[in-house]
Amino acid sequence: MDTTNLNKRFKNLSPQEILEYFLKKYGTKAALSSSFGAEDQVITDMLLKLDKKANIFTLDTGRLHPQTYSVMDATNLKYGVKVNVFFPKTDEVQKLYQEQGVNGFYESIENRKSCCYVRKIEPLQRALGELSIWITGLRATQSVTREELNIIEFDKVNKVIKVNPLLLWSEEDVWTYIKENKVPYNSLHDEGFPSIGCAPCTRAIKDGDYVRSGRWWWENPEHKECGLHTK
């Protein structure tokens with residue numbers, strides 16, 4: 001699918017205008033996949049202000065930070081919603097444990113990607129199965145693996161249109177919105193975690209480090225994707 005014309009159409013629109021277009025056109029066939037990070041919380045606020053029944057889902061890998069569950073609860077309470085949760089398949093998690101133990105993902109990229117597949121990618125594929133539009137909180141400045149993304153893309157693997165409404169936003173833009181709109185956010189952001197994933201694979205970063213350097217910190221930057229977002 002050629003998304004060139006769509007990108008020309010949306011490049012000068014605000015994130016709210018982009019989201020409104022896809023909500024009106026696709027309804028619940030358009031959904032945000034939220035990790036409850038800052039960007040996703042911004043989009044959650046925008047979506048639910050446009051439509052209280054907007055479709056939002058998350059992936060519970062079974063290894064999330066306690067603070068992530070806290071902001072999940074705060075989000076549900078603030079907006080009066082229940083974010084849909086997709087879990088990994090029990091038998092696949094058990095098989096993964098038998099093959100590599102509790103923390104075998106530290107031993108090789110192959111092991112880590114196997115863990116990501118079982119806990120994140122397969123549940124995502126189930127979540128996207130009935131959707132036409134996949135909304136994400138990706139920003140171009142988050143990592144070297146995201147610099148060439150477009151606002152509108154076609155995900156050939158999952159066969160959905162992928163919408164990145166905050167792609168051109170800066171980190172400052174994100175936090176200005178959160179503060180002005182009193183959006184709940186993960187308290188780990190205040191502890192040096194700009195990007196938050198599973199607890200064993202995420203750590204705080206130092207000033208001057210790039211945003212996703214705390215994710216899979218034992219790997220080279222060009223490998224730092226789990227497979228959810230590929231170009």
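Because only heavy atoms are used, hydrogens play no part in the values below, and waters and symmetry mates are left out as well, while side chains stay in.
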Undergrad: So do T202 and S195 actually touch side chain to side chain, heavy atoms under 4.5 Å?
TA: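 Contact flag for S195/T202 side chains = no.
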Undergrad: Can you label the angle between the F22 ring and the F10 ring as parallel, tilted or perpendicular, going by 30° and 60°?
TA: tilted
Undergrad: Starting at CG of L50, measure out to CD1 of I43 and round the result to the nearest 0.5 Å.
TA: 11.5 Å
Undergrad: When you compare the side chains of D173 and S170, does any donor N or O come within less than 3.5 Å of an acceptor on the partner?
TA: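 The answer is yes; a qualifying pair exists.
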Undergrad: Working to the nearest 0.5 angstrom, can you tell me the gap between E39 CD and E171 CD?
TA: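 If we round to the nearest 0.5 Å, E39:CD and E171:CD are 7.5 Å apart.
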Undergrad: Using every non-hydrogen atom in the two residues, find where W218 and P200 come nearest and quote the distance to one decimal.
TA: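 Result for this residue pair: CZ3-O, 4.3 Å.
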Undergrad: Apply side-chain hydrogen bond (donor to acceptor under 3.5 Å, both in side chains) to T58 and N84, showing your working.
TA: CA-CA 6 Å; T58 192; N84 297 318; over 6 Å; no
Undergrad: What is the minimum heavy-atom distance between Q41 and S34, and which atoms define it?
TA: OE1-OG, 4.2 Å
Undergrad: If we only count heavy atoms from C-beta on, is the M46 to P15 side-chain gap below 4.5 Å?
TA: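 Contact flag for M46/P15 side chains = yes.
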Undergrad: Measuring centre to centre across the rings, with the benzene-like ring taken for any Trp, is Y21 within less than 6.0 Å of Y26?
TA: no
Undergrad: Should V42 and I133 be regarded as members of a common hydrophobic cluster, given that ILVMFWY residues are connected when their side-chain heavy atoms come within less than 4.5 Å of each other, either directly or indirectly?
TA: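 The answer is yes; both residues are in one hydrophobic cluster.
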Undergrad: May I ask you to check whether F105 and W216 place their ring centers less than 6.0 Å from one another?
TA: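 For F105 and W216, the ring centres are not under 6.0 Å apart.
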Undergrad: Is there side-chain contact between L138 and L166, with at least one heavy-atom pair below 4.5 Å?
TA: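 No, too far: nothing below the 4.5 Å cut-off.
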Undergrad: Could you pull out the closest heavy-atom pair between D209 and S213, with the gap in Å?
TA: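 Heavy-atom minimum between the residues: CB-OG, 3.3 Å.
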Undergrad: Name the orientation class of the two ring planes belonging to W217 and Y106 (parallel below 30°, tilted from 30 to 60°, perpendicular beyond 60°).
TA: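 It falls in the tilted class, 30° to 60°.
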Undergrad: Do I161 and T3 come close enough that some side-chain heavy atom pair is under 4.5 Å?
TA: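 No - every pair of side-chain heavy atoms lies 4.5 Å or more apart.
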Undergrad: Rounded to the nearest 0.5 Å, how far does CD1 of I135 lie from CD1 of I56?
TA: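 That separation rounds to 8.5 Å.
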Undergrad: Would one find more than 12 heavy atoms of other residues, nucleotides or ligands at under 6.0 Å from atom NZ of K52?
TA: yes
Undergrad: Can you check whether G37's main-chain N or O pairs, donor with acceptor, with H189's side chain at less than 3.5 Å?
TA: no
Undergrad: Before giving the answer on side-chain hydrogen bond (donor to acceptor under 3.5 Å, both in side chains), spell out for S35 and D40 the whole-Å C-alpha distance, their side-chain angles and the decisive distance to 0.1 Å.
TA: CA-CA 7 Å; S35 66; D40 293 336; 3.0 Å; yes
Undergrad: Applying a strict under-4.5 Å side-chain criterion to I, L, V, M, F, W and Y, I'd like to know whether L149 and I18 cluster together.
TA: yes
Undergrad: Which heavy atom in N186 sits nearest to a heavy atom in V71, and how many Å separate them?
TA: N-CG2, 3.7 Å
Undergrad: Using every non-hydrogen atom in the two residues, find where K53 and T28 come nearest and quote the distance to one decimal.
TA: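 Shortest heavy-atom contact: O-CG2, 4.1 Å.
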Undergrad: Report the distance from atom OG1 of T61 to atom CZ of F86, rounding to the nearest 0.5 Å.
TA: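 Reported value, rounded in 0.5 Å steps: 15.0 Å.
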Undergrad: Is the NZ atom of K78 crowded by more than 12 outside heavy atoms at less than 6.0 Å?
TA: yes
Undergrad: Which atom pair, heavy atoms only, marks the closest approach of P88 to P123?
TA: CA-CG, 3.7 Å
Undergrad: May I ask you to decide if the ring planes of W169 and Y177 are parallel, tilted or perpendicular, using 30° and 60° as cut-offs?
TA: tilted
Undergrad: Quick one: does L59's side chain get under 4.5 Å of F87's, heavy atoms only?
TA: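 Heavy-atom side-chain distance check fails, nothing below 4.5 Å.
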Undergrad: Using the ring centroid of each side chain, check whether Y69 and F36 are separated by less than 6.0 Å.
TA: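 No.
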Undergrad: Report the C-alpha separation of Q67 and S70 in whole Å, then their side-chain angles, then the decisive distance to 0.1 Å, and conclude whether the side-chain hydrogen bond (donor to acceptor under 3.5 Å, both in side chains) test is met.
TA: CA-CA 5 Å; Q67 293 90 336; S70 294; over 6 Å; no
Undergrad: Any chance the side chains of S114 and Q100 put a donor and an acceptor closer than 3.5 Å?
TA: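 Per modelled atom types, S114 and Q100 side chains form no pair under 3.5 Å.
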Undergrad: Show the numbers, then the answer: is there a side-chain contact (heavy atoms from CB on, under 4.5 Å) between L6 and F154?
TA: CA-CA 11 Å; L6 283 174; F154 184 70; over 6 Å; no
Undergrad: Indicate yes or no: at least one non-hydrogen side-chain atom of K49 is less than 4.5 angstrom from one of N181.
TA: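 When only atoms from C-beta onward are counted, N181 and K49 do touch, with a gap below 4.5 Å.
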Undergrad: Would you say the side-chain atoms of N164 pair up with the backbone N or O of G137, donor to acceptor, closer than 3.5 Å?
TA: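 Such a contact is absent between N164 side chain and G137 backbone.
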Undergrad: More than 12 heavy atoms of other residues, nucleotides or ligands under 6.0 Å from CD of E172: is that the case?
TA: no
Undergrad: Can you tell me how far apart CD (E122) and NZ (K89) are? Round to the nearest 0.5 Å.
TA: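 The CD atom of E122 sits 4.5 Å away from the NZ atom of K89.
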Undergrad: Between I152 and L23, is there a shared hydrophobic cluster once you connect ILVMFWY residues whose side-chain heavy atoms come closer than 4.5 Å?
TA: yes
